[in-house]
Amino acid sequence: MNSLSIITPDDWHLHLRDNPYLEAVVNDTARQFRRAIIMPNLDPPVRSCADALAYRERILAALTAGSDFEPLMTLYLTDNTRVEDIVAASASPYIHGAKLYPAGATTNSDAGVTDLARLARVFEAMQKHGFILQIHGEATAPEVDVFDREKVFIDQSLARIRHDFPELPVVFEHITTRDAVEYVSAADGNLAATITPHHLLINRNAIFQGGIRPHHYCLPIAKREAHRQALVTAATSGDRRFFAGTDSAPHSRQAKETACGCAGIYSAHSALELYAETFELADDFTHFEAFMSRNGADFYGLPYNQGRVRLERESWTVPASLPYPDTGLIPFKAGESLRWKQILDA
Ligand code: NCD
Ligand code: ZN
C-alpha cells in the first residue's frame, strides 16, 4: 500500500498558546486537521465563556485566509469554577468541555484544582448537561514517583470521579501507560482516552539517549517500552474509546534548552505523518481512519468532517527548526525521516 485517503481528521487535544505565538503554530494544525480541542492553560487561564469566546476569535484571526479550521474551545476548571459557568458553556456551540488540571501537574496548572471534593457541584452539573470533562490524569503529591503519577491518579482520583458521577462523560487525556489502557478498555461508554503521537513512538529511554534530551520531555512523561506497546495496541485496535489527540505543546527552543526546561513536545507540524508512522510500524492501517477521524467525533457527538486528506509513502525529513518568536521551535523528530507524507491537493 503506497497511498492512504481518510476523512479529514481532528486533533482532540491541542495547545495553541496565544499571541504572539498563536500565528506560528495554528496553521500547522489547520493544514492537517479540520477541528481541534483547544486547551485552556493560558496565563491567565481560560476560565469563563467570555474568555473562551475571545480566545476563539484570536485563533480565527490567526488563521491563513480561506482556512475552514474550527477551534473547539474548553474551560479551565479551578477551585472556584461556578455551576453557572458550566451551564452557560454547555449551551454554547463553541465550547466542548472543561479541563481538569490537578494543581501543579504541568505547564500553567498553578490555578488548577487543589481538591476534587470542591468540584462536586460542578461535576454534577457537567453530568446533568452531558458536558465533557477532559482530565490531565496525574497525581501531584511530591512523594509519588513521576513515572507512577498516572497509575496513582487512576486509583486515587479517576476511579472516585467515575464512581461518584457514573454518567459524566470523561476523556482521559494523553494516556501513557498500560494501566490507563486497561482501565479505559474495561470501562463503559462514558470514558474515552486520547493518545499522542510521541507516546506512540518513543519510550522513556529517548529522554536520556546519549545525554539529556529536552525535546523529548513532556508531561505525562514517556514511560517504559511495555507501556508504549500497550498504547500502540489500543490505538490500532479500532476500539472506539481511543482517538488521536496530539498534545502538541510549543515552547521556544530557549525555553526547552535550559537548566529548567519546559514540558511539552511540538508535533503539530507533522502530526498526521507521525500517527501514520505508528500504524506503519504496527503494519496495520485497518483502523487508522477510525482512530484519526471517527472515534473522537463520535464521543464528542459531532459529525464527521466532509473533506478527506491524502498521504503517500514518501520518505521526507522533518525540519530541524521551525519559525517561532524568540528562538524558534524544535519539532518532534527534527531532522529525522518519516515514511508517509501528506499530499496537499493543488
Ligand atoms: C503542556 C503545555 O506545555 O501546555 N505540556 C506538556 O508537556 N504536555 C501541558 C500539558 O498538557 O500537560
Ligand atoms: Zn496538553
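What you see below is based on every heavy atom in this structure, not just the backbone, and it leaves out hydrogens, waters and symmetry mates. Since we're looking at a predicted model, the values are computed, not measured.
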[Y] and [X] side chains, donor-acceptor separation under 3.5 Å:
X	Y	answer
Q342	E312	no
E280	W340	yes
D326	Y21	yes
D284	T286	yes
S5	R310	no
D85	S48	no

(message) Exactly one of R204, K223, E138 should register a side chain to side chain donor-acceptor pair (under 3.5 Å) with T176. Which one does?
(response) K223
(request) Output yes when a side-chain donor or acceptor of T196 lies under 3.5 Å from a complementary backbone atom of T246, and no otherwise. (result) no
(request) Give a yes or no on whether the backbone of V181 and the side-chain of S185 come within a donor-acceptor separation of less than 3.5 Å. (result)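 Looks like yes, one N/O pair under 3.5 Å.
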With rounding to the nearest 0.5 angstrom, report the [atom1] to [atom2] distance, [X] to [Y].
X	Y	atom1	atom2	result
F242	S237	CZ	OG	6.5 Å
D51	R56	CG	CZ	15.0 Å
E257	H215	CD	NE2	3.5 Å
T74	N41	OG1	CG	8.5 Å

(request) Tell me, yes or no, whether the heavy-atom count around R58 atom CZ, taken from other residues, nucleotides or ligands under 6.0 Å, exceeds 12. (result)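 Result for CZ/R58: enclosed.
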(request) Could you tell me whether E23 atom CD has more than 12 heavy atoms of other residues or ligands within 6.0 Å of it? (result)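 Incorrect, the count does not exceed 12.
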(request) Kindly give the heavy-atom pair with the smallest separation between F33 and D10, and that separation in Å. (result) CD2-C, 3.3 Å
(request) Taking all non-hydrogen atoms of both residues into account, name the closest pair between P71 and I38 and its distance. (result) CB-CG1, 3.7 Å
(request) Give me the ring orientation class for F123 and F165: parallel if the planes are under 30° apart, tilted from 30 to 60°, perpendicular past 60°. (result) perpendicular
(request) Tell me, please, which residues at least two apart from Y55 pass ring-ring contact (aromatic ring centres under 6.0 Å, His included). (result)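 Y55 satisfies ring-ring contact (aromatic ring centres under 6.0 Å, His included) with no residue once adjacent residues are dropped.
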(message) Measuring only between side-chain heavy atoms, which start at C-beta, is E173 closer than 4.5 Å to D247?
(response)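 No, too far: nothing below the 4.5 Å cut-off.
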(message) Run the ring pair (Phe, Tyr, Trp, His ring centres under 6.0 Å) test on F291 and Y275 for me, step by step, so that the C-alpha distance in whole Å, both residues' side-chain angles and the decisive distance to 0.1 Å come before the verdict.
(response) CA-CA 10 Å; F291 180 76; Y275 280 119; 5.6 Å; yes
